[in-house]
Structures are given as C-alpha cells and as structure tokens.
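Below is one structure; the comments refer to it alone.
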Amino acid sequence: MGKQPKTPEPERRTTRSTASISPAPTPSKPSAPPKTPELSSSLRYLLSGLPGRKSQILDLIRLIGPLNCPSLPLLLYGNASTGKTSTVLKVLKHLDRSFVYVNCRSCHNPRILFETVLSQLGSSHKKCKKMPDFLNYLREALVERNKEMVFLVFDSIESVRSWDNGSKVLSLLLTLYDQLQNYGAGLLYISQSTPDAYLLRFGSFQPIDLCFPDYTFEEIHSILMRNRANPKLYSSFLSVVLKPFTRVTRRLDELVSALDPLYKKYCEPLTDSTITPDEAMKRRLFDYVQPHLIAALNQTFTIPPRALKDKGGIKRQGSGIGNATGLPELDFHMSVSAKYLLISAFLASRNPATLDASLFDSTGGCDGRKRKRKSSQSSIDKKNTKAEEMLTKGPGTFPLERLLAIFQCITSVLEEEPSLNEEKSLENGIGLMSDVLLQLSTLCNSNFLCKSGNCPLEGSVRYRSMIDEDMALKVARSVNFPLSNYVYRR
Amino acid sequence: MAGSEQASVALVQLRERLCSRTFAHSLLQSSSDSNFRKLKFHISSSISSACSKVLLLRGDKGSGKAAVVELVLKDLQADHPNAISVVKLYGLLHSDDDNSALEEIARQLCSGHEFSFCKTASLEENKEFLMDMLKEYGLARKTVVFVLDEFHLFTQGKQWLLYTLFDAMETFTSQSIIIVGLSCLEGSEQQLEKRVRSRFSSCTLLFGPPSEEDGRRLLEQLLHLQKDSSLPSKYVVEFNSRLDKIFGDKKFKEILSSFTCADGSINHLLRFLFVASSYMDMETGYLSLQSFESAYSLMKRQPKFDSLHDLSILELYFLVCMHRLQCKEETSYNFNSVMKEYKAIQDAYRTSDNYSHAVCLRQAFEHLLESELISFTDAKGRNDSIRFRPVKLLVSSRELHDSLKSNPSCPAILQKLLDHESYM
C-alpha cells in the first residue's frame, strides 16, 4: 500500500446514506498522521467520505470487532445532522457485515417496528403486535441464521418515548442484549438524546456510549468546500459569510440551506463564474453581498416549499431577497371565508370582549376615533402588568358566538363596497353560516384555532387563536383588510 | 502464526469471554460464601426433600443475579438429568395481562416436551394445562423451577400470576415447585397482597459488588489467555506476562480504583475490559497500559458538558437570559419573556448579535429543546403554541459557567452578564 492513485471502488448499493453524500471526485492523498499504520484504501475512502468523523469511525470499527465475534451493545448519540446514521451505515458496509436497519421515527408504532425488523430478518411471521411475540419470533429468526452474526441498528430511539406504551417498548429495545445472549445479534442504538435519558431503562449491560460532537468551525468549512466547481471563489465567499452564520447555528443542514441562495447572490455580478478572485475583486464582492447578509441572518433557515421554488428562483420566508413587493406573503392557499374567519379569530383572541361594541359599531365599520384619556401612573402600571400577562398567558379564549358576530361584522363591511369582483362577493347570511362552521373545523384541525376548556358557567366550548401577529398581517394583507385599525394596542 | 493473526484469534477469545453473561460469574463461584453455593444448596435441598420454596434474589442491575441462576440450574440439570424443568418469565413482557404469562408458560412447557403449542388457547385452557402438567410432574417426581425476572413488576397490579403459582404450590404439596424471583428493587415482598403474602415464606439472597481481592483475581482470570492449542504458547506466555506487568503498575491501579469507585459491579468492569481489549494493538497482539487509558477516557465522557460545549452563540445568549430570569426569581417564564430579556440586553449593550424573533425561535429555542437543555414544565397540558408554554432550564449555573469559559468564541459580554448575577 503506498500513495498510488487507487482504483475506483466496486459499485455499492445506493441507500439513503450514499445518495445524500456524493462520492469524492478524485482519490485524495491520504493525510493519515505518521503514528498510525497504513490504512487500507477502502478505509481511506470511507474516512474521506465522512470528514471530521475520523475518531468516531475508528472507534466504531474497533468496537464492532472481527467477523462473527460477539459484541456488547453500543449507543451512538449526538445532535441532529452530525452524521450518526450515515457513519454507522457506511462503516457496516465497509466491514461487510449483515445488518438490519430500522428507524423508529418512520415506524411510528410498535407493530410497524416489530414487523419491519422481522421482515428484514426474513422471518416467516408477517404479523406481530405484542412484545412477547416479537421476542419469540426474533429468536426463531436468529436461530435460522446459523450463528452468523447480524447487527440490529435502531435509529432515533428517542422518538420511542413519545409513543403510547413507549416506555415499555423502549425498555424492551434497550434490554434486548440480555434476551438475545448466544443468539448472534449485535445491537447498535442511535439517539439524539444523551445517554442520561435512558439510564433507568438499561438491562444488566449498559451500552457503551460513543459521542458524535458537533462539527467544529474548520470541519464545517471543509465539508462545505467539498465538490465545489470553483473552490477559490467559494472559499472567499465562506471567509466572509461563515463566521456570522455560525454564531446563530452550527447545524450543517440549516447552514447549507441558508448559504446556497446567498452564494447565488454573491456570484451575480461575476460574468465568468470560473475565475479566481483577487483581493480587489473579493472586496467588491463583499461590499455587494453585505446588505443581503444582514437580511439573510434575520430569516429562518428553512427549506421553502416546492411551490415557491418552482416559481423561479428560491424565495425565502420573511422579507425575501427575490420578493417583488418586499412584504411577506402567505405561503399557502386558503379560501376567502377561511381567511376572514382567521382574522376574526385573531381579533377575538387579541381584543378584550368589552371593546367589541366600540370597534364594530352597527354600521359595521371601524369607529376610528380613540378616546383621549388621562394616563395616570396607576393606569400606566396597569397597562404594563396587562402587557406582561399577555406575554405569559398567551391569547385569550372566546366563545363561538363572539367569533361569528365579529365575522359577520367584518364581512358585512365588504358587501357594502361596490368595487368587489365576483369572487369576493359572499352569499347571504344563512349560506355563510353553514360554510363557516365547516371552515371552523378545518382551521381547528390545522391548528390555527384550538379548543380551549369549556366555560364553567355555561358549558359552551371556547376557542383560542394560535397564530401570531405576523401571520395575521399576512392573511389580512392578502384580502386587503386593514387589520391594524382593529387590533387593540396598549 | 503471523502477529496480526494471533491478535485476532486472541481478540475473539477475549471478547467471547467478556460478552458472555455467565463466564465472569462462573469464575467467582468457587469461593466459600458465594451466592452460587447458597442458591445451589437451597434448590438442591428442596428438590431432595420434595418441598416447595420461594427464593428472592436482590441486587443492583448487572450484579449477576440472572447469571448465577443460570449457572446453578445448569449444574443441577447435569447432576439430576431430566428431573428439572425450567420456565423463564420476564416482568417486562409477561406482567401486563394474565394471559400472556400463562401463554408463555404453556409455550415453554410444550417446547420442553415437544408438544405442539396452540396459540389461540384461552386463559382457562392455559390454566388447566398448567395444573395438569404440574400434576404429571408430581407423579413423575420432577421439579419445576419458575424464574421470574423483574419480580417487582409481577407484584404490581392484581398479582394474579403470583397467586396462581402460590396456590399451585399449596395444592400440590408432595412435589417441589420452586419460584426464584429476581429483582433490583428493595421491598418487593412488602408489595405483595395479604392473601399472597400468607403463602410467601421465602429466603432472600443479596448480590453485591465483588470484594477487592475477588475483583483482582477476576481481572487476571478474565484477561489471561489460556494455554490451548490454537495459539502458540510463546505468544500466550508473553501476553500474560505483559498483562501482569500492567496490573502491577501504579497508574493502572489508580485508573481501576477510580473506575470502580463509581460503580463496582462486575458488568461495569466487563464493559471497561471490553473497550480496553478493543484497543489491542493488532500488529503485535498485545495489550498495553495505553489501551486501558484510552478505554478509561472513552468511558469517562460527560454528555451534558459536551452538548453545552457545542452550542452556538445565540443559544448561549438564550441560556444566559433564562438564567437571569431564574435569578430574578420569576416563577415561570416562557419564550416571550426570554425574548424580552434578550431584547433588553441587546438594547442595553448594542451587540452585534441582535436577531429577529423568528430566527431566535426556530434556530435557538427549538435546538435547545431538542438537545434537552431546556424543557417545558407543563406535561402535555394545553395545546398552546410554543411561545407561551412555560419552560425551565435544565442546566445548573456551574455547568453554564464552565461551558462559557470553555467556548472559544464566546463574547465577553455573556461572561459579564453571568458573573454579575452571581454577585446579586
């Protein structure tokens, strides 16, 4: 083994892990420290595919051990997108061991979990609902394999805690080692929570913990630099952009989704995207991108829904870079009556009930005049405490009648305006009512409204609006409703 | 044999020993007052005198209860061939409803005698089957041993299974039915109902960590390679002598004592040795002090400290704000109040880390919830949105302080904010 260019690796099955990380374009020169012995070429390939994870990979290989040799259970833990799943899968493939992989987040109840494991082992039992049955069938399936060792990989076990009967299932999974002694099964658990969360559930053998720390700044830099068409340009981009972004978050998936559109912006003034920038050009590009940088830092780093992406260019939530009007828009479609219902719910939650009469007078319009009041010290204090209360308690509840009353007031204003087009004209009162009740249940199901407890005096149901002011403003803007006139401000 | 070949054979041998539940405990069985001997005595005496007994084994997790039971039963089955039948039940699986326990008993008895097991039998049928089998056992002068793991789970609820078994013990007086209960909790027999306890006359065996001398002997016997034919004897001798040298080293003794200080049970030791053996130098095939040191540092991690170390600056701001709110003795605070505090700090000090509401919620707050450094105080409670539910900090001020110090890019302002509170 020397530093020769190595031959391309044999074709490996694309799974989730290999599909997500593209292979290294050229065989990289091994940068192994002089102390360790020569690493085999496949190991070097593995290490270069998972940067920053060298010590974890070597530990994992060491702990899994030689072929068909028994092993204690292992628990790998770390934050999201730190490479736990991909490391495990790649190492197991590199060592060429047979394994069964099941993700507890996609198998969202015990039956699916059990049946997935059994079907991957090739068991003849297709249905398995109860835990004792699962254990018996598992043992049968392992016995049929003739002592050839198989690894059971349970991913995202912290999500099992939130299942019904989840704590029992979790205890079963974590004590499988005791039950499966001498059956030739190795156990690997992957979790986002630290081992402290499971301390009470282990059986007689506590698993060996392997920590996957977050990537350091340099590792993030090297990961982002992989597979770039123009490395020098991208590294100059990263040198100005990466530091401020890592002050907000260190998670790789969020950084990637935040930096991609910004990089497109950075490259805009360049006519030739393959040139190497010199100092003067770097400074100019930096000046160009800086205002967008500040804006980008104040948006959430989310991946926008596909509908917006297809509209050409990537739009962002919040004050987007590519947005024409410069104001936030609603990302999804709602019917007009649902929008009005939502606005009424927001107003009902936000305003105290005593104000309704003055805000929505008999003509249906807003009064507009605000009564002048002497603001004494006590009233200022009262206002402050009320504001505090609102911060802590959240939006208020309202009965259904109040919601419908506000809704009728708002929509009756619309009917008076002659400049409405056909789509916006609403039916008469009775037809409106039945439509409204259907919309109400839809809004409840999508968590825009929620049912609060019953009123103790009357026994009627009370509702509460769950949207915040930004969202309400977006909805109001989409129907040209002057929301700010109606919102009670202290 | 080449060096690496020897190494892998040796490694396989060591791992097989360390992963087996019973091997380590079998090494301890010869001492005079060991639990192994006591248990064997109890069971064999009740077999020979054909009387029923209930035994309770109590000890921490990993102290070897199930291992010792397995060893004792294996020994007795060798001594009295075909006279003992064993049924194993686990509290986790079989204490839920009565039928699952009886079904499992029926299944194990059937497989022991090669009857065909019917899965759809009802509760009554299973119970009848059990009684018939016990009668047959009595006539044939055979013993049944019921091993109930996680005994304390069987004592919850209506204790129907225990009542049935104890009842059977009373009815069939001329044969021996032995129940061995394994539990890691104290006082499980106190939880038995009166009618069950009236039939419960048991003796208890306690399992504790091995003595220091036993532990040292165990260490040698676990790691020394045996002189058998698969490995060259020169290698075996060299391996064992190197190990002895390590065991005599002062640093090794320090590592071992600090390790067993936390948890002296055998299984904990086995984990440590397992990790140490994985650090075996595969070229030469010998263990060195370095292997034990690396194993110790691998097992010594502090997960909470690591997750605090990994936080971004914004998340640290959040934790410091929550800490300040806590120091101000606010009884409950939620995301909005923390944001208010955060904005107040930004207004006062005008740092460069002023981020919008949405970013703080998504990036910082939800990350902190996911990594379990903060959590909601109401248990699934109202359906409130995430901004209004009360939260609490799960990190102590000492830990927060240490993490701020260890974070290289932490702004000085955070340290100042945290320090000022400790003077208040």
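Residue numbers start from 1 in every chain, and the chains themselves are labelled A, B, ... in the order their sequence lines are given, proteins ahead of strands. All of these numbers come straight from a predicted model, not from anything done at the bench.
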Using the ring of each side chain (for Trp, its six-membered ring), is [X] parallel, tilted or perpendicular to [Y], with breaks at 30° and 60°?
X: B:Phe318; Y: B:Phe335; result: parallel
X: B:Phe272; Y: B:Tyr296; result: perpendicular
X: B:His309; Y: B:Phe305; result: parallel

Side chains of [X] and [Y] in contact at under 4.5 Å (non-hydrogen atoms):
X: A:Leu293; Y: A:Phe245; value: yes
X: A:Leu180; Y: A:Arg139; value: yes
X: A:Arg201; Y: A:Lys168; value: no

Fill in: Note: B:Glu366-A:Arg251 ion pair, threshold 4.0 Å (strictly below)
no
Worksheet item: Charged N to carboxylate O under 4.0 angstrom, A:Arg250 versus B:Glu315?
Response: no
Taking side chain as everything from C-beta outward and backbone as N, CA, C, O, which of these in [X] sits under 4.5 Å from a heavy atom of chain B? Side chain, backbone, both or neither.
X: A:Asp178; value: both
X: A:Thr175; value: side chain
X: A:Gln206; value: both
X: A:Leu67; value: neither
X: A:Phe217; value: neither
X: A:Asn182; value: neither
X: A:Tyr77; value: side chain
X: A:Leu135; value: side chain

Discussion item. Treating A:Ser349 as the side-chain partner and A:Ser465 as the backbone partner, does any N or O pair qualify as donor plus acceptor under 3.5 Å?
Written reply: yes
Worksheet item: Can any side-chain N or O of B:Lys304 pair as donor or acceptor with the backbone N or O of B:Leu373 at less than 3.5 Å?
Response: no
Residue selection (most heavy-atom pairs with chain B, distance under 4.5 Å) from [options]:
options: A:Lys130, A:Arg161, A:Lys243, A:Gln192; answer: A:Arg161
options: A:Cys69, A:Gly65, A:Pro70; answer: A:Pro70
options: A:Ile61, A:Asp209, A:Asp133; answer: A:Asp133
options: A:Cys211, A:Gly78, A:Pro213; answer: A:Cys211
options: A:Asn136, A:Leu210, A:Thr246, A:Leu172; answer: A:Asn136
options: A:Asn79, A:Thr194, A:Leu63; answer: A:Leu63

Shortest non-hydrogen contact from [X] to [Y]?
X: A:Leu72; Y: B:Phe274; answer: N-CZ, 3.5 Å
X: A:Ser71; Y: A:Met149; answer: N-CE, 3.9 Å
X: B:Gln108; Y: B:Val87; answer: OE1-CA, 3.3 Å

Is chain A contacted by the side chain of [X], its backbone, both, or neither, given a heavy-atom distance below 4.5 Å?
X: B:Asp306; value: side chain
X: B:Tyr90; value: side chain
X: B:Leu316; value: neither
X: B:Pro390; value: neither
X: B:Glu104; value: side chain

Between [options], the one whose heavy-atom pairs under 4.5 Å with chain A are most numerous:
options: B:Cys19, B:Ser265, B:Ala364; answer: B:Cys19
options: B:Glu16, B:Arg107, B:Met299; answer: B:Arg107
options: B:Met339, B:His367, B:Lys61, B:Met280; answer: B:His367

